[in-house]
Every structure is written in C-alpha cells, then in structure tokens.
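First up is the structure itself, then whatever we jot down about it.
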Amino acid sequence: MKKYRFLRHTADAKFQAFGETLEEAFQQAALALVSLMWNWETIGNKLEVPVQVEGHDMKQLLLNYLEEILYLFDTRRFLLSQVDDISIERKEDRYVLRALFKGDEYSSKTEIFGDVKAITYNEMEITRTMPFRIQVVADV
Amino acid sequence: MELKKINEYSWEIPKHDNMKVPAIIYASDKLLQGIKRDRTLQQAKNVACLRGIQLKAYVMPDAHQGYGFPIGGVAAFDLDEGIISPGGVGYDINCGVRLLRTDFTEKDVIEKRKLLLTEIFKEVPAGVGKAGTTRLSQRVLEEVCAKGAEWAVENGYGMKDDLLKTEENGRMKDADPSFLSKRAVERGIPQLGTLGAGNHFLEIQKVSEIYDRDVADVFGIHSPDQIMVMIHCGSRGLGHQVASDYIRYMENKFGSRGLPDRELINAPIRSSLGTQYYKSMSAAVNFAFANRQMIAHWVRNVFSKVMGNAEGMDQVYDVCHNVAKFEEHNIEGKLKQVCIHRKGATRSFGPGRKEIPTVYRDVGQPVLIPGSMGTASYILVGTSEAEKLSLGSTAHGAGRVMSRHEALRRFRGEEIKQELEKKGIELRSTSWRGVAEEASQAYKDVDEVVRISDHAGIGRLVAKVVPIGVMKG
C-alpha cells in the first residue's frame with residue numbers, strides 16, 4: 001500500500017511518507033524515493049539485499065538509508081520494490097537500521113523515468129510520534 | 001526581506017543580522033518575481049553569513065532554490081579565513097556543457113537528421129541504468145579521475161585541440177582520486193561515457209541568430225543555419241557520491257551547529273578535510289570532462305558515418321556549471337587568490353584572462369547556456385565587467401519554475417514529442433514520463449535570462465541556437 005505523497009517543490013522532488021511505526025514510515029520513504037525512478041509496483045522481488053546503515057542522529061540515518069538505494073542502483077542495477085524486516089535501534093551514540101531490500105535487476109524492458117542525484121537534508125523532517133511522518137527533498 | 005534596487009538589472013540585500021557581506025541579485029522585475037516565490041533570497045542571505053566570504057554573495061538571473069546555496073549562486077572565500085562547502089558546488093559536480101561546431105548547414109542534414117539522431121541514440125548510452133560501453137578497472141577509473149579529458153584523448157577519444165578549448169584544459173591539476181571513497185569509484189565505473197537522465201541532453205542544433213559577428217567568427221560560428229552539437233551532462237553517480245561523502249565527513253568532524261541549514265556544512269579551506277574535498281571534487285570534475293570528451297567523440301563518429309565526414313567538427317568550448325576553484329580576483333583593490341564556488345553558474349571571463357584559451361583571449365571566453373528541452377540555447381562571451389560585477393560569472397540555464405510532479409499532471413510525453421515534431425524538432429528519449437517532467441513550460445524563459453545577463457553586462461550575447469534533434473537521457 002502507498003502511504004506517501006509528493007509536495008510542490010520548484011526544482012527538486014519533495015515527499016512525505018507516513019506509518020504507524022517509525023519503521024513503516026522509513027519503508028514508505030524508500031518506496032516514495034524509487035517511485036521517482038521506476039514503477040516499483042511492477043518490479044519483482046526475487047533479489048534480496050540485506051542492508052545495515054548507521055547514523056549519528058535520526059536524520060543522518062534516514063539520509064544514509066535512502067542513499068543506499070541509489071548506490072545499489074548505480075552499482076548493481078538493483079531496482080528496489082519492497083523493504084522487509086526493517087528495524088531501527090539506538091546503540092550508544094548512533095542509530096542502526098537493518099532491513100532486507102527486495103527487488104529485481106534492471107533490464108532494458110524497465111522504464112527508468114529519471115535520475116535521483118542525492119538525498120538532501122533540505123527541509124528534512126522526522127516526526128517520531130504517532131502518526132509517524134518523514135519529509136524528504138531529493139535532488140533530481 | 002528588504003531588497004534595494006540598484007538599477008534595472010540588479011538588486012541588493014543589504015547587510016543585516018549575521019550577514020558578513022551584502023547579497024546581490026542580477027534579475028529583471030519579471031525574473032525577480034519568480035525568484036521571490038521560493039527560498040532563493042533566504043539562501044543567498046545564508047551564504048552571506050559564511051566565514052571568510054569576500055565582497056558579496058551573488059545570485060544569477062536564472063537562480064532558484066537549492067539546498068544550502070541557491071542554484072545560480074556564486075561566492076568567493078578568503079583562503080585563510082574562509083570555508084569550502086560541498087553544498088556550494090552541488091551534487092552534480094561539473095555538470096556542464098560542451099559545444100561542437102560543424103561545417104554543415106541545415107540543408108545538408110535536414111534529410112538525415114532522423115538517422116543522425118537514431119545513430120547517436122545507439123552510440124551514446126543514455127538514461128539511468130544503462131552501463132557504459134566501456135567497463136573499467138578501478139585503476140583505470142582512478143586514472144580517468146586524475147587526468148580528465150586528457151585521459152580520454154590519450155585513449156583515442158577526440159583530439160588534442162579539444163583540450164585547449166575546455167575549461168581547465170579538461171583537467172583539474174589538483175585532483176587526487178586516492179581521496180575518493182570506494183563507493184564513489186564503484187558508482188563511477190559503470191557510468192563513464194553515459195549521458196544520464198533528468199535535465200541532461202544532447203542536441204543537434206542550428207544557429208538561428210548571430211548577435212555579434214566578430215566574436216562569433218572567433219568562436220567558429222559563421223552563418224545562420226550552421227549545424228552545432230551541444231552536450232549537457234555531468235559527473236553522474238561518482239560526483240553525487242563525492243558530495244554526499246564530504247557532507248557526511250564534514251558534518252561528523254565539524255558539526256552543523258550554528259548553521260542555518262544543514263546543507264551549508266563546510267570545512268576551512270586549509271583544513272585537511274577542506275583540502276581532501278577539493279581534491280576529490282577535482283577528481284569528479286575530471287570524470288565529467290572525460291565523460292563529455294567520450295560522448296563528443298561518439299557524436300563525431302556518427303556524423304562521419306552518416307554524413308560522410310566529420311571534418312570541421314571542432315570544439316567551440318566546454319564549461320563547468322557546478323564547481324569550486326582557486327582564482328585570482330580583484331578584492332577591494334587588491335589582486336588576491338580566492339576559493340570561488342559556482343553552483344549553477346558559468347565562469348564568464350573577459351578578454352586577457354590567462355585561464356582562457358589563446359584563440360579566445362582577445363575576445364573573452366565562450367559561455368554556453370542551454371535552454372530547456374526543445375527550446376533555444378545561447379552562446380555568450382565573458383566580459384571584463386563580469387569580473388567586477390559577479391566575480392566573472394553569469395547564468396547557466398533556464399532554471400525550473402514548476403515541480404516535476406506538477407509537470408507530470410499537466411503534460412504528456414507523447415504530446416510533447418508531437419508538438420516538437422510540428423516545429424521540426426525530432427526527439428528521442430528512454431522515458432515518456434521523463435519527457436513530460438522536462439517540458440519546457442516547467443522552466444524559466446531562457447530568453448529573458450540571457451537578456452538580463454547581456455544588459456547587466458555579466459555575459460554578452462553572441463549567438464542563438466535552436467534544436468533540430470534532441471536526445472533526452
């Protein structure tokens with residue numbers, strides 16, 4: 001199910017993702033991000049990539065997590081369509097996220113709409129109480 | 001925010017609050033209305049608060065909101081007191097434009113332009129997800145990043161003369177690929193020699209107007225209807241990774257406290273992290289130069305095959321739109337080395353500057369300003385006035401006015417293609433949705449942008465080119 005929406009932003013792509021838990025909001029943020037590049041609803045899930053990312057605060061964690069998707073696409077042509085088993089925990093001075101990315105490898109049949117260059121801190125917001133909400137501006 | 005009108009084409013945000021210098025905006029009333037609609041002016045004010053900033057924070061006519069620095073922002077910093085900021089360069093390091101001239105006229109290519117475009121589309125890897133045709137080892141990738149377009153020419157892509165007509169001769173000498181992260185290298189390997197998507201494009205164009213015959217002659221532009229080729233792309237994932245990496249390293253080391261915006265994260269220029277960023281950024285700049293060099297070579301091959309020859313397809317110039325550099329400028333009456341950031345801005349040096357190729361040194365450097373997909377692009381010439389008014393800088397393009405999602409709601413890719421065809425413009429793209437997102441209506445009026453550059457004196461009009469064939473990544 002889609003629990004994200006795009007907002008007006010002149011040059012870049014700004015979206016909000018929602019969840020009943022912080023983890024769900026993170027999951028939805030990943031789907032929102034990839035929806036700028038491909039239609040994740042039509043991509044299979046036979047490839048699995050376990051990921052672990054860290055951040056010294058929640059915003060850096062979110063940024064590193066979303067950047068991981070761009071990195072996997074550029075280097076392994078991995079098209080994400082699903083995020084499973086996601087957990088976020090605090091470890092001393094940092095946050096750690098673990099998840100299982102599912103998706104498929106790019107083939108010439110997949111339409112790629114455009115390029116996301118990077119995830120930015122610009123207007124980034126994370127609401128850590130119900131309803132959990134994440135706002136991100138991606139440089140496209 | 002208070003805005004003081006200086007003259008018809010320039011406005012000032014006077015120094016207030018924590019600003020160390022004023023900010024100056026080059027814009028007409030019309031462009032200013034657009035600029036006021038987003039956070040551009042606030043971002044210019046934020047830049048004016050940074051340590052060691054010299055003279056002013058400058059905003060170009062095509063400015064719009066960025067992250068940290070506005071797009072269309074120019075700022076120089078004192079080498080001892082000042083900072084260097086990845087947000088002042090942007091994620092697409094050395095996103096830039098290369099222009100090739102030809103001896104062909106519209107009449108020569110009109111019948112063959114579909115074929116030319118089809119062949120170019122085959123030769124030049126376009127959109128995201130397509131690995132380049134050249135799979136490199138890490139060692140070779142590092143050589144590319146160290147030597148830039150020189151590497152490409154040494155390996156058979158193009159001619160030595162191309163290097164002379166490229167900003168920095170196609171190679172930032174301070175590049176040090178050993179500072180690139182493993183991830184940056186990994187992202188670079190499959191993407192060398194690819195155009196990329198988004199606003200990047202390759203166009204077959206014809207000259208439609210010449211405003212300054214003498215300067216145009218020097219640039220190799222002689223007649224209306226002359227065919228040109230413009231390549232607009234950057235450093236791809238490698239450059240994006242360098243920006244992201246150094247924002248993270250600088251944040252971890254220096255923190256973002258006290259900064260009005262986390263994207264303004266920076267390091268003192270002379271600090272080890274500042275130096276490492278500069279050397280890594282230079283490596284990404286070189287990657288982009290090599291990228292455009294290879295694409296230019298493939299375009300020449302296609303012309304050679306389809307038209308029978310590619311003689312006369314000399315490079316006019318290749319400019320960076322996103323870069324930080326050390327340059328000498330007149331700062332309060334003294335010539336001084338500063339670290340200049342141009343983010344969505346073009347260097348616009350006038351006659352005499354040693355950085356300009358000798359063939360252009362008497363007239364000033366070519367400034368290449370691409371329009372949006374399917375609209376006119378412009379060739380300007382740098383001016384001595386720009387060195388006084390804008391640290392030798394001018395605009396870089398049209399600048400968006402409408403979000404991609406808004407464009408998607410309003411336009412359809414197939415219809416845009418048909419409309420362009422009616423105007424005699426062929427279009428090839430890997431994605432209809434991508435075409436809709438790049439609809440020219442989603443962009444500022446580039447004609448107005450270059451008019452203001454010309455009137456304000458920061459870059460003078462030389463020629464206008466219009467597309468006859470567009471390849472969108």
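A salt bridge links B:R183 and A:E68; the closest N-O separation between the charged side-chain nitrogens and carboxylate oxygens is under 4.0 Å. A salt bridge links A:R8 to B:E406: at least one charged side-chain nitrogen sits closer than 4.0 Å to a carboxylate oxygen. Using a 4.0 Å cut-off between a side-chain N of Lys or Arg and a carboxylate O of Asp or Glu, B:R236 and A:D115 qualify as a salt bridge.
Between chain A and the options B:R37, B:Q65, B:R404, B:E437, heavy-atom pairs under 4.5 Å are most frequent for B:R404. Counting heavy-atom pairs closer than 4.5 Å to chain B, the top-ranked of the candidates A:N64, A:T110, A:L7 is A:N64.
The heavy-atom pair separating A:I112 from B:T430 by the smallest distance is O-OG1, 4.5 Å. A:F113 approaches B:S431 most closely through the heavy-atom pair CA-OG, 3.4 Å. The shortest non-hydrogen separation linking A:N122 to B:G66 is ND2-O, 3.1 Å. Of all non-hydrogen atoms in A:G114 and B:A197, the two that sit nearest each other are CA-CB, 3.9 Å.
Distance CZ/B:R248 to CD/A:E67: 7.5 Å, rounded to 0.5 Å. In this structure, A:L63 CG and B:R262 CZ are separated by 8.0 Å, a value rounded to the nearest 0.5 Å. The CD atom of B:E251 sits 6.5 Å away from atom CG of A:D57, with the distance rounded to the nearest 0.5 Å. A distance of 12.5 Å separates CG of B:L259 from OH of A:Y121, quoted to the nearest 0.5 Å. One finds the NE2 atom of B:H240 at 7.5 Å from the CG atom of A:D139 (value rounded to the nearest 0.5 Å). Interatomic distance, B:S181 OG to A:Y71 OH, rounded to the nearest 0.5 Å: 8.5 Å.
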Note to self: Apply side chain to side chain contact (heavy atoms under 4.5 Å, CB included) to residues A:L70 and B:R187 and explain how you reach the verdict.
What the structure shows: CA-CA 10 Å; A:L70 304 181; B:R187 288 176 79 171; 4.0 Å; yes
Next item on the list: Verify side chain to side chain contact (heavy atoms under 4.5 Å, CB included) between A:R76 and B:E186, making sure each step is shown before the conclusion.
Entry: CA-CA 9 Å; A:R76 296 202 221 163; B:E186 282 179 80; over 6 Å; no
Next item on the list: Assess whether side chain to side chain contact (heavy atoms under 4.5 Å, CB included) is satisfied between A:M124 and B:E263, documenting all intermediate values.
Entry: CA-CA 11 Å; A:M124 185 187 275; B:E263 296 276 335; over 6 Å; no
Check: Step by step, would you call B:Q241 with A:D74 a side-chain hydrogen bond (donor to acceptor under 3.5 Å, both in side chains)?
Finding: CA-CA 11 Å; B:Q241 187 69 43; A:D74 273 2; over 6 Å; no
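In the model, B:Y67 has no side-chain atom that pairs as donor or acceptor with a side-chain atom of A:E123 under 3.5 Å.
The backbone N or O of A:K117 lies less than 3.5 Å from no partner atom in the side chain of B:D92, so there is not a single donor-acceptor pair.
No part of B:I71 comes within reach of chain A, as not one of its non-hydrogen atoms sits under 4.5 angstrom from that chain. Contact annotation for A:I119: only backbone heavy atoms (N, CA, C, O) come within less than 4.5 Å of a heavy atom of chain B. Looking at B:R39, the atoms closer than 4.5 Å to chain A (heavy atoms on both sides) all sit in the side chain, from C-beta outward. Residue A:N39: no heavy atom, backbone or side chain, is found under 4.5 Å from chain B.
Residues A:L36 and B:H405 are in side-chain contact: their nearest non-hydrogen atoms beyond the backbone lie under 4.5 Å apart.
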